[in-house]
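Small disclaimer: the values here were computed from a predicted structure and weren't measured. A note on names: the letters A, B, ... follow the listed sequences, proteins ahead of strands, and every chain is numbered from 1.
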There are 2 protein chains.
Amino acid sequence: MPEQHSTLRARRRAQTRRTIQGHAIRLFSERGYDATTMNDVADAAGVSPMTVYRHFPTKEDLVLVDEHGRLIAERIAASPAGLPLARRIGGALVDAATALTGDDMAADRQFLLARLQLMISTPALRARHLDNQYALQQAIIGALANDPADPDAAFRAQAAASACLAALHTAMVRWAEDDGRTDLPALIGRALAAVFGDDVVSPAR
Amino acid sequence: MPEQHSTLRARRRAQTRRTIQGHAIRLFSERGYDATTMNDVADAAGVSPMTVYRHFPTKEDLVLVDEHGRLIAERIAASPAGLPLARRIGGALVDAATALTGDDMAADRQFLLARLQLMISTPALRARHLDNQYALQQAIIGALANDPADPDAAFRAQAAASACLAALHTAMVRWAEDDGRTDLPALIGRALAAVFGDDVVSPAR
DNA sequence: ACCGATTTGGTAGTGACTATCACGATGGTA
DNA sequence: TACCATCGTGATAGTCACTACCAAATCGGT
C-alpha cells in the first residue's frame with residue numbers, strides 16, 4: 001500500500017507501472033497472450049520479473065485493470081432517483097464511455113481498444129472480465145434496490161442491470177471489432193434504445 | 001475421441017471418470033479448491049495424475065462439466081415460436097432445473113449442489129462459469145434472433161436472455177445457500193415472475 | 001550526512017499443465 | 001487360440017505462473 005506522497009518516488013513507480021503494462025499489451029497483441037511469458041514482459045520493460053509481479057499480482061491484471069467499475073457505480077448512485085432504472089444505469093454507462101473515449105484521450109483510447117480486443121479473444125481474460133462485470137452488477141443492485149420492504153425490487157434492478165450490461169458488452173465487442181472507428185457512446189446508446197424503446201442516452205455533462 | 005462402443009472398455013472409462021470427479025468434488029468441498037492439488041485428487045481416486053489430466057484437461061473442468069447448456073439451447077429452439085421470448089427462455093430454464101433436481105436423482109442433486117457451492121465461492125470457477133453462461137446466452141440469441149431483416153431483434157433477445165440468466169443465477173445462488181432444501185424450479189420461477197410480472201413457469205411436460 | 005521506509009532484485013521453491021515414450025489391456029480377426 | 005491395432009494408463013522431464021524469503025539500492029525527511 002504505497003502512500004500517495006505525490007513525490008518523485010510515487011511518480012517513478014507509476015511510470016514503471018505504465019511502462020510494464022504498455023510493453024505487456026504490445027507483446028500480447030503482437031505475439032498472443034498465451035505465447036508471451038511474464039519473463040518476456042519483464043525483459044521488454046527492462047525490469048526484473050519480481051517487479052512485474054509487484055505491480056500486477058497476476059498476468060491477467062496486466063490487461064484487466066478495471067477501476068472503471070467503481071466509477072460507474074458511483075455515477076449510478078448519484079443519478080436522480082426518479083428516473084427509471086434502465087435510464088439511470090444506461091446513462092451512467094454512456095457517460096463513462098464518453099469520458100473514456102473522448103477526443104482528448106486518443107492515446108488512452110487506443111490503449112483501451114487493445115486491451116478490449118485481448119479481453120474478447122482470450123478465454124481466461126474474458127472469463128475474468130465477465131466476473132468483474134458480475135461484481136459491478138451486484139454493486140449496481142446494491143445501490144439501487146435498498147428497500148427491504150420490496151424484495152422484488154432487487155430482482156427488477158438485476159434484470160435492468162443485466163440487460164444494460166449485456167447491451168454495454170455487445171457495444172464494446174462491436175466497437176472492438178470495428179477497431180474503435182465508430183463512436184462507442186453512440187453504440188451503447190443504440191443498443192440500449194433497441195432494448196428499451198426510447199432513447200436512454202443522456203448528455204455527458 | 002473415444003468411440004461409443006458401449007463396451008466394457010467404455011464403461012470402465014466412464015467409471016474411472018466418475019470416480020475421479022467424485023473424489024475431486026469431495027476433496028474440494030472438504031479442504032478447499034486451492035488447497036487441493038491435482039496429485040491429491042489422483043491419489044484419492046487411486047490413479048496417476050496423468051489419468052486425471054486425460055479425463056479433465058484443467059482443474060476447473062473437474063467442477064464445471066456443463067453439458068447442460070446445449071440441452072437448454074435445444075429446448076428453447078424447440079419451444080413454440082409464438083410465445084414471448086422471456087417465456088420461452090424461462091420455461092426452458094425451469095424445465096431443465098426440474099429435470100436435474102427431480103426426486104429420482106437425489107444423488108445427482110447432491111453432487112450438483114456441491115459443485116454449485118464450489119462454483120459460487122471460488123473466484124476462478126465462478127469466472128469460468130460466467131463465461132459458460134455467456135456462451136449459452138450467445139447460443140440462445142442465435143437460436144431466437146435469426147431474422148436478418150430486424151437487427152434489433154438480436155438486442156431484444158439478448159436483453160431477455162441476460163435477464164433470464166441473471167434470474168437463474170440468483171435462484172441458483174439462493175438454492176446453494178439454502179443447501180438445496182427449497183425447490184429450485186420454484187425459485188427460478190419466482191425470480192422470473194418478479195421480473196416479468198406474470199408467471200413464466202411452465203409445466204415440466 | 002544519516003535513518004527509516006519504499007522499491008527493486010535474486011533464489012528457491014510449489015503447483016498446474018504438456019510432450020513424449022513405454023506398457024498393458026481390450027476388441028475384433030484369422 | 002493366436003495376432004494385431006487400438007485404447008487407456010503410467011512415468012519422466014520440462015515450461016510457466018506465482019509465492020515466500022532475504023539482500024541491495026534508492027528516496028524522504030530529520
Expressed in angstrom and rounded to an integer, what is the separation of B:Y33 atom OH from C:dG15 atom P?
-> 14 Å
In whole angstrom, what separates B:D40's CG from C:dC17's C1'?
-> 16 Å
Which of D:dA17, C:dT8, D:dT9 is nearest the side chain of B:T16? It is D:dT9
Figure out the CD/P separation between B:Q15 and D:dT9, and round it to whole Å.
-> 11 Å
In whole angstroms, the gap separating P of C:dA16 from NZ of A:K59 amounts to 18 Å
Taking the side chain of B:R54 as its heavy atoms from C-beta onward, which of D:dG10, D:dA17, C:dA16 lies nearest to it?
-> D:dG10
From the list D:dA17, D:dT9, D:dA11, which nucleotide is the closest neighbour of the side chain of A:Y53?
-> D:dA17
For D:dT9, does either OP1 or OP2 sit under 4.0 Å from a side-chain N or O belonging to B:H55?
-> yes
From the list B:R17, B:R115, B:R128, salt bridge (charged side-chain N to carboxylate O under 4.0 Å, His left out) partner of B:D61 resolves to B:R128
Among D:dG10, C:dT8, D:dT9, find the nucleotide with the atom closest to the side chain of A:R13.
-> C:dT8
So, B:D95 versus B:T98: side-chain donor-acceptor pair below 3.5 Å or not?
-> no
Closest of C:dC17, C:dA19, D:dT19 to the A:M50 side chain is D:dT19
In whole angstroms, how far is the P atom of D:dT19 from the CG atom of B:D34?
-> 11 Å
Whole-Å distance between C:dG10 P and A:N39 CG?
-> 11 Å
Winner on side-chain proximity to B:T37, out of D:dC16, D:dC18, C:dG15, is C:dG15
Look at the side chain of B:R17 against the base of D:dG8 and say whether a donor-acceptor pair falls under 3.5 Å; ignore hydrogens and angles.
-> no
Starting from P on C:dA16, measure out to CZ on B:F56 and report it in whole angstrom.
-> 15 Å
Mapping B:M38 and A:V52 onto DNA chain C by nearest heavy atom, which one lands closer to the 5' end?
-> A:V52
Would you say B:L136 and B:H68 make side-chain contact, with heavy atoms under 4.5 Å?
-> no
Heavy atoms, side chains only, cut-off 4.5 Å: are A:L100 and A:D108 in contact?
-> no
Touch class at under 4.0 angstrom, heavy-atom based, for A:P49 against every strand present | nothing
Once you round it to whole Å, what is the distance between C1' of D:dA17 and CG of A:L62?
-> 12 Å
So, do A:Y33 and A:E60 sit near enough that their side-chain heavy atoms are less than 4.5 Å apart?
-> yes
DNA chain D: 5'-proximal contact among A:E60 and A:R12 (nearest heavy atom) | A:E60
